[in-house]
Amino acid sequence: MADSRNGDTYVIDVMKFISRTRALYAHWNEHIADIWGSADALAVATHPATNDLRYLKSSALHIWLLGYEFSDTIMVFSSKQIHFLCSKKIATLLEVVKQPAHDELGIDVVMHAKAKGDDGNGQMDAVLRAIRDGKESQVVGHIAREAPEGKLLEKWTERLTNAKFQFQFVDITAGLSDLFAAKDGTEIINVKKAAYLASSVMKNVVVPKLEKVIDEERDVTHSLLMRLTEKAILDPTKAGVKLKPECVDICYPPIFQSGGKFDLKPSAVSNDDLLAYDPGSIIICAVGARYNSYCSNVARTYLIDATNLQSKAYEVLLKAHEAAINAMRRGRKLSSVYQAALSVVEKEAPELVDKLTKSAGTGIGLEFRESGLNINARNDKVLRPQMAFNVSLGFQNMECESKKKKFSLFLADTVIVKDEDPEILTGKCSKLVTDVSYDKEEKPCRKKARRTSGPESYFINKTSLRSYNNNNNNNNNHVVSKDELRMRNQHQAELARRKNEETVRRLAGDGSSGSTAKTSTDSVAYKNVNDVPQPRDLMMMIQVDQKKEAVLLPIYGSMVPFHVSTIRTVSNQQDSTRNNYIRIIFSVITLKNQGAIYLQEVTFRCKDSKRSSEVVQAIKTLRRQVNARESERIERGTLVNQEKLQLAGNKFRPLRLSGLWIRPQFSGRKRVPGALEAHANGFRYSTTRPNERVDVLFANVKHAFLQPAEKEMLTILHFHLHNHIMVGNKKTKDVQFYVEVMDAVQSLGGGGRRSSSSAYDPGEILEEQRERDRKNKINVDFNHFATRVSALEFEQPLRELGFSGVTDKARVFIVPTSSCLVMLTETPFLVVSLSEVEIVNLERVVFGQKYFDMAIVFKDFKKDVLKINAIDTSHLEGIKKWLDAIDIKYYESKANLMWRPILKRITDDPQGFIDDGGWEFLNLERSDSEPEESDQGYEPPDAEDESESEDEDSESESEDQEEEEEDYRRREM
């Protein structure tokens, strides 16, 4: 929230203060009677500074509004004023918000600064008079659970409750909780970074440490593990995370439990007992991290030589935990989330129902446990997008088969509620049975075969996707160890089970939506006969009325008007006698009026060839203009209304990048570059032309990408949006801003840049150095811009994981990011959200085949399957590793499949789909899974130069694979 803090220097983010103060007043006014207790004023006081780790609503409000917690400060909100009673130093810092609050909100910010030794009585009188506002009785909202601490707050409470003021007091805890529940873009980024740190510490610090202790049979106490983990959180580099240490903190001391003593409450502590890892032991680890005061949490249970009861109980808990997370969807009640988990336990293991925790977690954010957002069977609060939750579930006090000691199981993840599927921020820290079970008898291979997943695994496994030399050392590059293959197959089998269950749940929840018929209105050129223009002379001729968008045709001695939108085609032909014929074909329409005459086609003869050409051209031009306007109107009619862009204003200079081009382009032949500015709630791109302007709101950005120029000639900022916007007259979900880092230079001789000069020419060397400097400067400027836009998290494509394939008509270079698969250099762009992928089928995987295809099936079966054709087989093994690392189930088939009828059968009979094994019909190892379609697919020519155009060999995929193969063979001949 705050821009910077160096030592004791604070900088308030004024724009955030304005936007969040506006949100506070709007929420207060809207819900004043139900959750704000009809309060006329809000009084919130922060406690004196302390080193204790605690969560208070007053502190959360300070951080939310100002970016910092200012101790010993009293804030009072009335309808038109905000009062701060604080030290002179804090008052000086807060001066920057006074004028903007008055200009933007119409609210006066009043400072009541007290000297260091002053008790504040005089300032309190002024504040209390302002609260009273001349009325005999006022309702004052306060945080009832926070008892006053320190002399200032005790004096303030005493004066506030003084009988002479006759204040009525109400608790506003519920109002503040509901206000903080749905996060804005900046808050979501902070929660994501905190979750990334927590999961990285669990994966890169806790798990390796536990493995080492168990492998070497060391004696280590829970408290020592707690201290080592806490140091890793406070120093993120120990976990391989690049976050500023001054921005991170712990949510609570890390928790390690084993040896039969378990406490699943958030207040649990790590005792001084030794870590137990004998057969049948259970180890529970919980890590909570904060970034910019926003909390996250992850907890995992590790099984050491687990018994049958422990394994079964863990599998049930995993299913219940996943069911609870999957139930966190917009519009549902919190009680339904807990019920989803409970239903799984009742079905799978009814004997464990009484062992299930009574809560499935709480809201999380500035507080580790946000009050009012407890996930239990009684809470009927409704989920909203951008809410953050710590979804935690466990079985407690279970008895082993031997009944000598008890054990517990526990899982927790940080989850964001979205419009569609929830986003699991700590889900890349695996909790699959194969990844949390430790077999001491197989420890040498167990350690080597442990899977890695999540964003950091991209860097661990990135070499597996590098392009191999075409025919050199292929055998060595494709070697996969037996342990690695075994672990991957186990993981894919687990993914298949989860995916089948998830698909059935999703299909069962989809309601049948009726088709919506398109409505259209009749185009009217003239309202009555008197408006029709008379012929210019006695000879009747075809006329084009540009103003009324009509074509007047001479029929039976009268001029009959037709709106140009009713004309489908118009053409001009000449016969052997030099007569010209104007042929007009009308659109097919449905008969509405009985007895009316409808024309399908008319032909006129004209002896003047110039006149006939002019008429035809005028009709075509008018028709294009009208169709373009109507298309734009229809496109705009389907757009989602969005909030207005809040400009930074003259007082605060927005971030700016100049000299940028935009895609899709504005209409017009001559293009001009523009500038991109970052404002309070979004971006604005504009050129020197007044009608060329595009606003992109932060809330509408689904994915943001920064692609520096490396081997490409472009540095790119790309935004993939939730809802369409209009760029000029084009409707789009992808908006891109780019700069060409190098200009194409040709010598006068027509050759390349060095065609007529030596490679050692000093001029050429200097020119190349200038180009490199320019490219580096542009990349740095773009990176600086993206870094300073704190409301969004920009992903960068990972070139090391890239591969070439055909998505449209030409071969392109496709690269993954942390959450997407993208191709941003050519149009049409490709942006695939990995969270929306159901499965991936690798097609035409046949020994000796040079290329294979990738079919990406989305969770929304109404979307067409995305095909990426002609991927070199040298990338096959690397792509499998990458898909496995990001928890996407993949299959292989020897032929291209016809996906539309397959998806239709699944949606028509989801139960039959699961009864037949779900997606396992794609498994090559099943004897009955041989597809009947053609075993041939798209295959490019032998030339492998990616710079050459392959348009002729990359025609759009036909519905009939056999016809496509015949066409391809004819082209080859």
Side-chain angles (χ1 to χ4, degrees), residues 182-186 188-189 192 330 385-386 416-423 631-632 634-646 655 657 660-667 674 676-686 692-707 714 716-738 782 785-786 789-797 807 815-837 856 858-860 862-864 866:
K183 276 64 177 174
D184 60 26
T186 304
I188 291 295
I189 293 299
K192 285 185 175 181
R330 177 180 190 169
Q386 303 299 87
I416 300 291
V417 179
K418 296 286 188 178
D419 288 324
E420 297 176 355
D421 295 336
E423 182 178 1
S631 297
E632 182 178 349
I634 294 172
E635 294 289 355
R636 290 187 182 276
T638 60
L639 296 178
V640 176
N641 291 328
Q642 301 183 44
E643 60 178 319
K644 292 184 178 180
L645 182 69
Q646 300 174 14
L655 297 174
L657 275 179
L660 273 63
W661 303 96
I662 185 173
R663 290 195 288 193
Q665 304 172 4
F666 291 112
S667 57
L676 182 67
E677 295 179 342
H679 293 275
N681 64 334
F683 300 100
R684 168 163 289 179
Y685 175 83
S686 58
E692 294 186 350
R693 190 177 72 183
V694 175
D695 292 342
V696 180
L697 301 180
F698 294 148
N700 194 28
V701 176
K702 187 175 184 179
H703 298 290
F705 304 100
L706 166 62
Q707 180 168 305
L714 307 176
I716 295 171
L717 284 178
H718 188 99
F719 300 103
H720 184 66
L721 309 179
H722 289 285
N723 302 308
H724 290 85
I725 63 171
M726 298 297 293
V727 177
N729 59 358
K730 303 181 185 77
K731 182 180 176 182
T732 182
K733 260 192 175 184
D734 287 277
V735 184
Q736 183 177 110
F737 308 98
Y738 68 94
F782 271 63
F785 181 87
V789 179
S790 58
L792 295 177
E793 185 173 11
F794 286 82
E795 304 176 40
Q796 291 198 23
T807 58
V815 289
T817 69
S818 58
S819 64
C820 295
L821 185 67
V822 302
M823 189 282 299
L824 307 177
T825 54
E826 303 289 341
T827 55
F829 304 119
L830 173 68
V831 179
V832 179
S833 299
L834 298 177
S835 60
E836 298 175 359
V837 175
I856 299 177
F858 296 98
K859 294 179 180 178
D860 182 3
K862 296 177 182 178
K863 293 178 65 175
D864 289 335
L866 175 67

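Using a 4.5 Å heavy-atom threshold, the side chains of L697 and L645 count as touching. A heavy-atom distance below 4.5 Å is not found between the side chains of H718 and Q707. Considering only heavy atoms from C-beta on, C820 stays 4.5 Å or farther from V832 through its side chain. The shortest distance between side-chain heavy atoms of F785 and L706 does not fall below 4.5 Å. Between L717 and L657, some side-chain heavy-atom pair lies under the 4.5 Å cut-off. A 4.5 Å side-chain heavy-atom check between H679 and Q646 finds every atom pair outside the cut-off.
The minimum heavy-atom distance linking F666 with V727 is given by the pair CE2-CG1, 4.1 Å. Closest of all the heavy-atom pairs between D421 and S835 is OD2-O, 4.2 Å. Contact between S833 and K702 at its shortest, heavy atoms only, is OG-CE, 3.7 Å. Closest of all the heavy-atom pairs between K730 and Q665 is NZ-O, 2.6 Å. In this structure, G674 and Y685 approach most closely via the heavy-atom pair N-OH, 3.1 Å. In terms of heavy atoms, I716 sits closest to L714 at CG1-CB, 4.0 Å.
Between the side chain of K733 and the backbone N or O of H722 there is at least one donor-acceptor pair closer than 3.5 Å. Using a distance-only test at 3.5 Å, with no hydrogens or angles considered, a donor-acceptor pair links the side chain of N681 to the main chain of K644. Remark: side-chain polar atoms of N700 are paired, donor with acceptor, to backbone N or O of N723 under 3.5 angstrom. Side-chain atoms of Q736 come within 3.5 Å of backbone N or O of L824 as a donor-acceptor pair.
Taking OG of S818 as the start and CZ of F705 as the end, the distance is 8.0 Å to the nearest 0.5 Å. The distance from atom CZ of R330 to atom CG of D419, rounded to the nearest 0.5 Å, is 5.0 Å. Atom CD1 of I189 sits about 9.5 Å away from atom CZ of F794, to the nearest 0.5 Å. Distance check, rounded to the nearest 0.5 Å: CD of E423 to OG of S819 gives 7.5 Å. Going from atom CZ of R663 over to atom OG1 of T732 covers 11.5 Å, rounded to the nearest 0.5 Å. We find the CG-CD distance between D695 and E677 to be 10.5 Å, quoted to the nearest 0.5 Å.
Applying the side-chain contact (heavy atoms from CB on, under 4.5 Å) rule to V815 yields the partners P797, F813, V822; only residues at least two apart in sequence or on another chain are considered. Taking the side-chain contact (heavy atoms from CB on, under 4.5 Å) definition, one finds that A791 meets it with T186, F698, sequence neighbours left out.
Side-chain rings of F719 and F683 approach one another, their centers coming within less than 6.0 Å.
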Side chain to side chain contact (heavy atoms under 4.5 Å, CB included) evaluation trace for L866 with L830 | CA-CA 10 Å; L866 175 67; L830 173 68; 3.5 Å; yes

Might you work through the salt bridge (charged side-chain N to carboxylate O under 4.0 Å, His left out) test for E420 and K859, ending with a clear yes or no?
-> CA-CA 11 Å; E420 297 176 355; K859 294 179 180 178; over 6 Å; no

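Side-chain contact check for D734 and H720: at least one donor-acceptor pair (N or O, by modelled atom type) lies under 3.5 Å.
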